[in-house]
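See structure below.
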Amino acid sequence: MIGTKIDIKSYQAKGNIKKANSFSIEETLLTHYDTLPNSTKKIAKTYFKTHLHQINGFKNLVLEDAIQEYLFEIKANVPFPGPESGEEEFTFIDLFAGIGGFRLAMQNLGGKCVFSSEWDKYAQQTYRANFGDIPFGDITNPEIKSYIPKKFDLLCGGFPCQPFSIAGVAKKNSLGRKHGFEDEKQGNLFFHIADIIQKHRPKAFFLENVKNLVSHDKGKTFKIIKDTLEGLGYSFDKKILDGKHFVPQHRERTLIVGFDKTIFGNDVSFDFSKVGLPEVKHKIKNILEKNPDPKYTLSNHLWNYLQEYAKKA
């Protein structure tokens with residue numbers, strides 16, 4: 001690095017960079033710089049030149065080199081950087097990304113994430129801390145969709161489960177609200193996934209949702225999902241797996257995998273029986289910190305209150 005070591009935190013504290021919970025599209029584009037087409041790179045370059053190029057360590061470099069140094073500085077300090085460009089086994093996009101569960105799994109298999117989307121600002125902040133990338137926002141926004149790379153191998157997405165989960169449906173019924181595909185805010189997000197698959201034709205997709213997705217609305221919801229994806233020319237295999245094999249929680253989820261039949265043939269399928277499930281032996285105590293800050297520990301009074309409340313439920 002040329003010049004003084006970059007102190008991005010102090011620069012940010014002076015108000016020169018937006019806080020992490022209000023990322024701009026320009027900041028997001030910058031963190032995806034290496035996967036952007038040249039036409040879109042111009043936006044990231046302009047933002048960097050205006051807001052960041054003046055930081056010590058960057059101002060003595062030409063613009064392109066300064067951007068690469070900036071990205072290196074960020075990504076070198078994240079806990080889960082993923083493979084370098086050109087060293088990946090495959091590429092994928094991470095929709096409804098949360099804090100990066102799908103991404104972590106795919107990176108462990110040699111995958112490189114070339115686009116991510118998550119609308120929640122706090123999840124975006126955590127995702128950036130984990131991977132160095134800021135996820136794009138609302139995937140229903142045509143502008144956001146326009147930044148998806150033309151080609152990638154795998155689409156991953158854990159689309160919102162509230163419209164289909166048992167608890168979510170019960171809550172919406174009690175409030176007189178619609179659920180499933182009739183939930184205008186969250187229920188139609190699957191069809192945005194289908195649109196992206198149709199436009200970009202990834203080699204495969206890997207989707208996740210709650211167990212109740214299969215039986216919601218007497219199976220009609222799941223049939224629409226299956227028919228839609230098969231209608232796009234993809235295979236369709238599903239399995240309900242319990243997260244208890246991996247974490248100390250009984251958490252059943254519907255997993256859906258499909259392959260492009262124009263690439264792999266009409267007989268292609270995913271054999272879930274070959275998925276090895278480890279022995280169920282996980283305990284909460286094994287993942288808790290030994291000496292947590294007292295502010296994260298329930299008082300005896302509150303714990304007793306919650307126990308009594310649970311008995312009444």
Side-chain angles (χ1 to χ4, degrees), residues 1-13 16-38 40-95 97-118 120-137 144 147-149 152-154 156:
M1 176 66 68
I2 299 174
T4 308
K5 182 174 175 59
I6 302 164
D7 187 0
I8 293 176
K9 288 186 178 179
S10 65
Y11 187 77
Q12 193 169 27
N16 294 305
I17 306 176
K18 291 184 179 181
K19 294 183 181 298
N21 61 357
S22 58
F23 295 119
S24 68
I25 191 67
E26 292 84 3
E27 289 173 282
T28 302
L29 286 170
L30 183 59
T31 62
H32 290 80
Y33 186 80
D34 289 334
T35 61
L36 296 177
N38 289 331
T40 308
K41 281 185 176 180
K42 293 179 181 179
I43 301 174
K45 284 182 178 180
T46 299
Y47 172 78
F48 184 85
K49 186 175 182 179
T50 304
H51 296 278
L52 298 171
H53 201 186
Q54 57 195 289
I55 300 177
N56 285 339
F58 293 156
K59 61 186 179 183
N60 297 324
L61 300 174
V62 297
L63 184 59
E64 186 73 30
D65 290 342
I67 289 174
Q68 294 301 330
E69 290 285 3
Y70 169 77
L71 295 176
F72 175 80
E73 182 79 9
I74 290 177
K75 297 179 184 293
N77 294 312
V78 298
F80 311 112
E84 295 290 335
S85 294
E87 297 181 359
E88 70 275 6
E89 297 291 331
F90 60 94
T91 58
F92 67 96
I93 67 171
D94 191 11
L95 305 182
I99 63 173
F102 255 119
R103 176 163 178 166
L104 189 59
M106 294 300 108
Q107 285 187 172
N108 287 344
L109 294 173
K112 180 175 178 59
C113 183
V114 294
F115 177 89
S116 56
S117 172
E118 169 56 50
D120 183 86
K121 61 184 180 182
Y122 300 111
Q124 285 182 327
Q125 183 177 356
T126 304
Y127 194 98
R128 184 194 187 212
N130 281 337
F131 305 104
D133 296 344
I134 302 169
F136 288 88
I144 299 301
Y147 297 123
I148 298 175
F152 53 89
D153 296 316
L154 175 66
C156 297

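All values below come from the heavy atoms of this structure, side chains included, with hydrogens, waters and symmetry mates left out. Quick caveat, the model's predicted, so the values are computed rather than measured.
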**Study point:** Worked check of side-chain contact (heavy atoms from CB on, under 4.5 Å) between Arg128 and Ile74
**Key:** CA-CA 9 Å; Arg128 184 194 187 212; Ile74 290 177; 4.0 Å; yes

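- Between Lys41 and Tyr33, the closest heavy-atom pair is CE-O, 3.1 Å.
- Contact between Asp133 and Thr31 at its shortest, heavy atoms only, is OD1-O, 3.2 Å.
- Distance check: Leu52 CG to Glu69 CD gives 14.0 Å after rounding to the nearest 0.5 Å.
- Between His53 and Leu63, some side-chain heavy-atom pair lies under the 4.5 Å cut-off.
- The nearest pair of heavy atoms linking Leu154 to Phe152 is O-CD1, 3.5 Å.
- The structure places CG of Leu95 at 6.5 Å from CZ of Phe115, a figure rounded to the nearest 0.5 Å.
- The local environment of CD1 in Ile99 is sparse, with at most 12 non-hydrogen atoms from other residues, nucleotides or ligands closer than 6.0 Å.
- To the nearest 0.5 angstrom, Phe102 atom CZ is 13.5 Å from Gln107 atom CD.
- Legend: residues meeting side-chain hydrogen bond (donor to acceptor under 3.5 Å, both in side chains) with Tyr127, ordered by chain and number and at least two apart, are Asp94, Arg103.
- Glu118 approaches Ala97 most closely through the heavy-atom pair OE1-N, 3.5 Å.
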Got a list of side-chain donor-acceptor pairs under 3.5 Å for residues 78-87, not counting sequence neighbours?
none

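- Distance check, rounded to the nearest 0.5 Å: CG of Leu109 to CD of Glu88 gives 14.0 Å.
- Residues Gly137 and Ser117 approach most closely at O-OG, 2.7 Å, considering heavy atoms.
- Expressed to the nearest 0.5 Å, how far OH of Tyr47 lies from OG1 of Thr28 amounts to 9.0 Å.
- Partner of Leu30 under the side chain to side chain contact (heavy atoms under 4.5 Å, CB included) criterion, out of Ile67, Ile43, Ile25: Ile67 alone.
- Remark: Lys112 NZ to Met106 CE distance equals 15.5 Å, nearest 0.5 Å.
- Side-chain contact between Ser116 and Phe131 is absent, with no heavy-atom pair separated by less than 4.5 Å.
- With hydrogens and angles ignored, the 3.5 Å screen pairs a side-chain donor or acceptor of Asp153 with a backbone N or O of Thr91.
- Among all heavy-atom pairs drawn from Phe136 and Gln124, the shortest one is O-NE2, 3.9 Å.
- Taking the six-membered ring where the residue is Trp, the centroids of Phe48 and Phe58 are separated by under 6.0 Å.
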